[in-house]
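Working notes for the structure below.
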Amino acid sequence: MFNQLDTLAADPILGLMAAYQQDTHPQKLDLGIGVYKNEEGLTPVLESVSEGQNRHIALENTKSYLNPAGYPGFNEAMQTLIFGEAHPALMSHRVATVQTPGGCGALRVAAELIKRAMADVTIWVSDPTWANHIPLLGDAGLSIKTYPYYDPKNKGVRFEDMLEVLAQLGTDDIVLLHGCCHNPCGADLSKEQWQTLAGLALERGFVPFIDMAYQGFGDGLEDDAYGLRLLSEQLPEVIVATSCSKNFGLYRERTGCISFVCESEKAMKATKSQLLSVARGIYSMPPAHGAAIVEAILNHSTLREQWIQEVDGMRKRMQGLRSAFSKGMAIRGHDNFSFIENEKGMFSFLGLTPQQVEALRVRYSIYMINSSRVNIAGISSVNIDYLCDSVSEVLE
Ligand code: PLP
Ligand code: TYF
């Protein structure tokens with residue numbers, strides 16, 4: 001039976017991580033996979049997470065099965081974090097939230113639910129988007145198309161081109177948007193652009209689906225949620241996938257949730273029952289540990305404050321690195337990298353050709369995705385000169 005299977009290529013991002021680990025170059029530099037790193041190049045457990053974990057373990061008295069909706073209190077705490085205190089959609093009991101195995105699990109559960117609600121729906125993703133969106137949504141059987149998003153020449157969002165395509169859509173279309181810190185390009189919508197988008201969605205009837213994997217890494221926990229909160233206020237139906245991997249540093253604990261904003265409380269209850277049924281058909285119930293930690297942090301005021309400060313620290317470090325890289329390139333005669341400073345979150349395209357990316361890897365052991373997407377958090381004061389020198393050399 002299995003003799004007929006072809007061998008498939010590995011996930012290119014994870015493959016790059018493996019290649020980096022085998023490299024013995026003393027100055028090797030990993031700007032590949034999107035994992036936050038500190039000045040020492042490490043991804044330590046956040047202090048608030050360690051403390052939340054200790055408290056959870058001290059109180060934990062069973063490893064018995066969880067509820068399929070997830071860890072008690074987690075979904076409610078996440079709703080407040082995502083939508084904000086007293087959001088009208090929450091106040092009117094129109095949001096169904098279910099814990100999922102990471103943001104990936106949230107995307108996949110949403111795709112399965114969308115398929116149940118409307119079989120011949122088209123989901124529109126930005127060009128470019130995170131490569132995993134395609135299998136996560138497409139393997140559920142949804143048809144995927146792209147709308148214009150990033151302009152590599154002018155290093156910004158092609159908003160007019162994007163609107164032109166979205167203006168053709170209707171009620172059987174879903175538009176996937178990055179809530180903040182666009183992966184891979186780092187170019188986000190402005191507040192005005194979110195407002196225009198809300199008006200268009202209302203007029204055309206398409207449903208926005210916001211993937212929020214980096215809340216807190218762009219402009220701050222509240223500002224980063226501006227777009228999704230606005231859409232959820234103005235539109236009858238919105239989908240939000242959330243990951244706790246980055247802002248809580250809980251990558252391997254697979255912690256996240258999916259939220260469906262529905263038109264009425266009745267529709268919310270039906271949707272929630274369908275979400276639980278989808279979960280039952282894939283994994284029954286999500287893992288508890290990460291969600292228990294998040295719950296302990298969000299529902300404890302001093303721990304929550306400590307966590308907010310840690311998120312602020314990660315964001316500020318990345319903002320500082322963006323500015324240092326842009327200046328480092330300008331000093332070397334390349335004054336066209338200032339766009340890096342204006343972009344948000346962990347990722348940006350350096351704008352290099354695949355040949356230049358390969359040269360960086362082969363000659364300098366600097367690893368980035370072929371598209372020249374870099375993980376900004378991989379830069380540090382120790383390696384920034386080496387990086388800027390090497391990039392300058394491949395540009396010449
Ligand atoms: N969405 C985007 C845009 C991402 O970059 C990621 C990855 O980190 C995710 C979703 C899902 O992350 P996870 O499944 O690790 O929570
Ligand atoms: O884009 C990234 O690097 C992150 C991490 O299969 C990631 O989102 C990469 C690949 C993958 C899962 C997560």
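Order of listing sets the numbers, starting from 1, for every ligand and every atom in it.
- Of all atoms in ligand 1, listed by their number and element, those nearer than 4.0 Å to a heavy atom of S245 are 13 (P), 15 (O), 16 (O).
- In C104, the parts holding a heavy atom less than 4.0 Å from any atom of ligand 1 are both the side chain and the backbone.
- Residue H178 has no nitrogen or oxygen atom sitting less than 3.5 Å from a nitrogen or oxygen atom of ligand 1, judged on distance alone.
- Remark: side-chain polar atoms of S372 are paired, donor with acceptor, to backbone N or O of L352 under 3.5 angstrom.
- With a 4.0 Å heavy-atom cut-off, ligand 2 is reached by no atom of Y251.
- In terms of protein heavy atoms, atom 1 (N) of ligand 1 is closest to D211 OD2, 2.6 Å.
- Annotation for ligand 1: atoms under 4.0 Å from non-hydrogen atoms of R254 are 13 (P), 14 (O), 15 (O), 16 (O).
- Using a 4.0 Å cut-off between heavy atoms, N183 contacts ligand 2 through its side chain alone, with no backbone atom that close.
- Among F248, Y214, Y251, W130, the residue whose heavy atom sits closest to atom 5 (O) of ligand 1 is Y214.
- Looking only at protein heavy atoms, the nearest one to atom 6 (O) of ligand 2 is D11 OD2, 2.5 Å.
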Starting from the C-alpha separation in whole Å, work towards a yes-or-no answer on salt bridge (charged side-chain N to carboxylate O under 4.0 Å, His left out) for D30 and K37.
-> CA-CA 10 Å; D30 177 19; K37 292 187 228 174; 3.5 Å; yes

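- Set against the non-hydrogen atoms of S243, the atoms of ligand 1 under 4.0 Å away are 12 (O), 13 (P), 16 (O).
- The protein heavy atom nearest to atom 3 (O) of ligand 2 is G34 N, 2.7 Å.
- Contacts of I33 with ligand 2, taken as heavy-atom pairs under 4.0 Å, involve both backbone and side chain.
- Ring geometry for Y214 against F217 counts as tilted: the plane angle lies between 30° and 60°, on a 0 to 90° scale.
- Residue L387 is tested with L360, V374, L31 for a side-chain contact (heavy atoms from CB on, under 4.5 Å); the sole match is L31.
- H289 and Q53 are linked by a side-chain donor-acceptor pair at a separation below 3.5 angstrom, with hydrogens and angles left out of the test.
- No donor-acceptor pair closer than 3.5 Å links the side chain of R116 to the backbone N or O of L275.
- In this structure, a donor-acceptor pair under 3.5 Å is present between the side chains of N183 and R373.
- The residue from I13, L16, N132, V35 that puts a heavy atom closest to atom 11 (C) of ligand 2 is N132.
- Looking at atom 13 (C) of ligand 2, its nearest protein heavy atom turns out to be W130 CZ2, 3.7 Å.
- Side-chain atoms of H87 come within 3.5 Å of backbone atoms of A89 as a donor-acceptor pair (strictly under, hydrogens ignored).
- Residue contacts with ligand 2 leave out M346, since none of its heavy atoms falls under 4.0 Å from the ligand.
- Residue K246 places a heavy atom under 4.0 Å from ligand 2.
- Tested against Y150, the residues F347, F349, F339 include a single ring-ring contact (aromatic ring centres under 6.0 Å, His included) partner, F349.
- Side-chain rings of W194 and Y226 stay apart, their centers remaining 6.0 Å or farther from each other.
- The contact set between ligand 2 and Y214, taken as ligand atoms under 4.0 Å from a residue heavy atom, comprises 8 (O).
- Centroid-to-centroid, the aromatic rings of Y149 and F159 stay 6.0 Å apart or farther.
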Given side-chain hydrogen bond (donor to acceptor under 3.5 Å, both in side chains), test K269 with S273 step by step and report yes or no.
-> CA-CA 6 Å; K269 284 186 175 151; S273 74; over 6 Å; no

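- Remark: ligand 1 atoms within the under-4.0 Å shell around heavy atoms of K246 are 7 (C), 8 (O).
- Listed by number with element, the atoms of ligand 1 under 4.0 angstrom from any heavy atom of G103 are 11 (C), 13 (P), 14 (O), 16 (O).
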